[in-house]
Amino acid sequence: MQEAPKVVYELEHFGMPFDRNADGTIYQRPFGGHTANFGEKPVQRACAAADRTGHALLHTLYQRNVRARTQFFVEWMALDLVRDAAGDVLGVVALEMETGEVMILQAKATLFATGGAGRIFAASTNAFINTGDGLGMAARAGIPLQDMEFWQFHPTGVAGAGVLITEGVRGEGGILLNCNGERFMERYAPNAKDLASRDVVSRSMDQEIKEGRGCGPEKDHVLLKLDHLGPDVILKRLPSIREIALKFANVDCIKEPIPVVPTIHYQMGGIPTNVHGQVVAPKGDDWKAVVEGLYAVGECACVSVHGANRLGTNSLLDIVVFGRAAGDFIVAQGLKGRAHKPLPADAGDVARARLARLDGATTGESVPDVGNALRKTMQAHCGVFRNQELLSSGVARVMEIEERVRRTAIKDKSRTFNTARVEALELDNLIETAKATVVSAEARRESRGAQARSDYPDRDDPNFMKHTLWYREGNRLTYKPVNMKPLSVDAFPPKARTY
Amino acid sequence: MDATQLNRLRWRCRRGMLENDLILARYLEAKGTQMSETDVAALDRLLDLADNDLWDLLSGRTEAADAGLQPLLQSLRRA
C-alpha cells in the first residue's frame, strides 16, 4: 500500500503511457469494489493506459530489460528446482527446446514469476501456457502451496472457448437471460442486477444452470443479450466484443445473444512468500522460515494481499510492487561477492526421471485426453458452488486421474521443439495444482471470499480464519495463522459484504 | 514443411493470450504440414508481434502495413 504510488510514478518515469487529466496528472478511474473507508463510498483509484494497462506495463518493463542487457532464455522450459540437503534452492533444471538438451542453471537467487494454473479448469480465460509450472516445481521440491482453494471466476466467458467478455458489455446495458428468456439477475440482486460483483453474478448463473434453466441442447450456459443496444452502440463502443462473439461463439451479437458461462480467471493462492518475495515454509515452530535462494512474485505467489478474493487492477499492482521489492532485496544481498554452494549429487534427478519415463513409455493414454479429464473433473467438482459430496468425490477422482497422469505416453519422441513432450511435462504441473485446489477446498468447510459452499454458506472465523498449506508429500494439509498486524494501518476484522 | 518445422511453429504459437492461442491452434490443426514456405515465413513475421498487436490484426481491428502478410491474415481470420 505504501509502495503502490511510488511504483506508479516510477513506471511513468520509465515511459509508461498512463492516461492523463487535463492538468497533466495521472488520470484515475473508478473500478468495481474500489472504495474509501471500507465501502463507505466509491473512489477513483485505478491508474490505466486505455484498456491495455497490462500490455503497456509489459512493454515498458521489457524496454528497461533491454537497457539493462538482461539475457533472456526464451526457448527454454524450466522443469524442476535444485534443492540441497539444507533445503536451499540452488537453481533450476531446464530443457532447451531447440536441442532437447537438459541442463542445470545454477543460481544464487531463483525467482519465479511463472503465473497461475488457470488451465486446470475446463472454462478458463487463461492462455494455454498457464499450467502452474512454478507451483508444480515448488510442490515436487517439498514446498507447500498456500490457500489454493481460492479461485476467482469471471461471470462472462464464451461458452466452450473461455474467452473473456468484459464487464463493459453489461455496463453498456447488456443483460443475462435464462432458457425462459428471464432476466434472472433481477431476482438475485434487485438493485445492482446484471452489474452486481463478479462472484455474485457467477453464482447466480451457476444456480440457474444447476436448476435446469440453462440454455442450449445441454442446458449448460446462459445468454448475454446485447442486440437491443443497436448496431451503432455495439460497433462504436464494443467492437472487439463483436469479433470475439463471431470468432469464438459463432454468433453475431448485433442479432443474437452470446452463450456464456462463469469462467476461471485468477488464482489467489500460490507459493507462500513474505513481503520481500522470499518463499517461506514452516520449519519446526517457525511458520515463516525462509527457503534460502527462492523467490516468487505475481499470480504464482501467495503473499496474501488478495486474501480470499481479488479486486480488479490488483493483479498488476501485486506484480509491480512485490516484483520490485524482491528485486531490491536480491540486489541488497550482495550476491556477486558470494560463491555458489556446491550442487547436491542428486541435482536434476527428478526432472531426468520425468523425461526418462516419457521417452521410455511406448503405450499409454494420450496427454490431451488425461488433461481434458482433469479439467472436466475440476469444473464439475470444484466450480463456482461447492459442497461436501461434490468435493469428496472430486478428491477421489483427481487422485484417480493422477494415476493416469503417471501412465501417459507420447508418440513423438523427437528432440527439437517437441511440444507433445512439453504438454506432458505441463500435465505434471497441472495435476499438482489441481490436487492442492480440491483437497484444500474440501477441508475448508465454510464460505469465504471466492470459496462458496452451498452446505456451509457462512464465514466461520473461529474455525477457519487461517491459511491453508497443502503438501504434495502425503497429500496433506496444515494451517498457519493469518497476520493480523498490518505494517502501516490498524488491523480490521473481516465482515460480511452488503450491497 | 517437415514435422520438425511444424513443431517449431507449434512452440512459437504458444502465446500469452487465449484469443491468439485458439486461432493459431485451429489454423495449425487445419493446415499442418501443408503450409507453403511463404506461409511459414509470413507466420514467423506475425509471431514476432506482441500479443495485443497480433490480436488486433487477427480480429480485423487493424490491417498489416506489410502487404505480403495479407494472404496469411485472411486465412487466419477465417480459421
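- Looking at B:A3, there are no atoms closer than 4.5 Å to chain A (heavy atoms on both sides), in backbone or side chain.
- Residues B:L9 and A:F417 form no side-chain contact, since every pair of their non-hydrogen atoms from C-beta on lies 4.5 Å or further apart.
- B:N20 does not touch chain A: none of its heavy atoms, backbone or side chain, sits under 4.5 Å away.
- Summarising the local packing, CZ of A:F14 is surrounded by more than 12 heavy atoms from other residues, nucleotides or ligands at distances under 6.0 Å.
- Here A:R119 does not pair with B:D21 in a salt bridge; the nearest charged N to carboxylate O distance is not below 4.0 Å.
- The distance from the CG atom of B:N7 to the CG atom of A:D412 is 5.0 Å, given to the nearest 0.5 Å.
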Side chain to side chain contact (heavy atoms under 4.5 Å, CB included), that's the test. Do B:E19 and A:I244 meet it? Break it down for me. CA-CA 8 Å; B:E19 290 83 339; A:I244 285 172; 4.2 Å; yes

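- Heavy atoms from other residues, nucleotides or ligands lying under 6.0 Å from CG of A:N250 number 12 at most.
- B:G16 approaches A:A127 most closely through the heavy-atom pair C-CB, 3.5 Å.
- The candidate with the highest count of non-hydrogen atom pairs below 4.5 Å against chain A, out of B:D56, B:L6, B:D51, is B:D56.
- Both the backbone and the side chain of A:T416 have a heavy atom closer than 4.5 Å to some heavy atom of chain B.
- Summarising the local packing, NE2 of A:H55 is surrounded by more than 12 heavy atoms from other residues, nucleotides or ligands at distances under 6.0 Å.
- More than 12 heavy atoms of other residues, nucleotides or ligands sit less than 6.0 Å from atom CD of B:Q70.
- Between A:E75 and B:R8 no salt bridge is recorded (no basic side-chain N to carboxylate O distance below 4.0 Å).
- In terms of heavy-atom proximity, A:V422 sits nearest to B:W11 at CG2-CZ3, 4.0 Å.
- Side-chain atoms of B:I23 and A:F248, non-hydrogen and from C-beta on, do get closer than 4.5 Å to each other.
- Taking CZ of B:R78 as the start and NZ of A:K247 as the end, the distance is 10.5 Å to the nearest 0.5 Å.
- The shortest distance between side-chain heavy atoms of A:E243 and B:L58 does not fall below 4.5 Å.
- For a residue to count as touching a neighbouring chain, one of its non-hydrogen atoms must lie under 4.5 Å from one of that chain's; by this rule B:R15 touches chain A with the backbone only.
- Here the closest non-hydrogen pair linking A:S240 and B:R61 is CB-NH1, 3.5 Å.
- The 12-atom threshold is exceeded at CD of B:Q74, counting heavy atoms of other residues, nucleotides or ligands nearer than 6.0 Å.
- Proximity to chain A is limited to the side chain of B:R26, based on heavy atoms less than 4.5 angstrom apart.
- Put simply, OG1 on A:T125 and CE on B:M17 are 11.0 Å apart, with the number rounded to the nearest 0.5 Å.
- Interface residue A:A161: backbone and side-chain heavy atoms are both found under 4.5 Å from chain B.
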Pair B:L18, A:N126 - check side chain to side chain contact (heavy atoms under 4.5 Å, CB included), show working. CA-CA 6 Å; B:L18 180 61; A:N126 286 205; over 6 Å; no

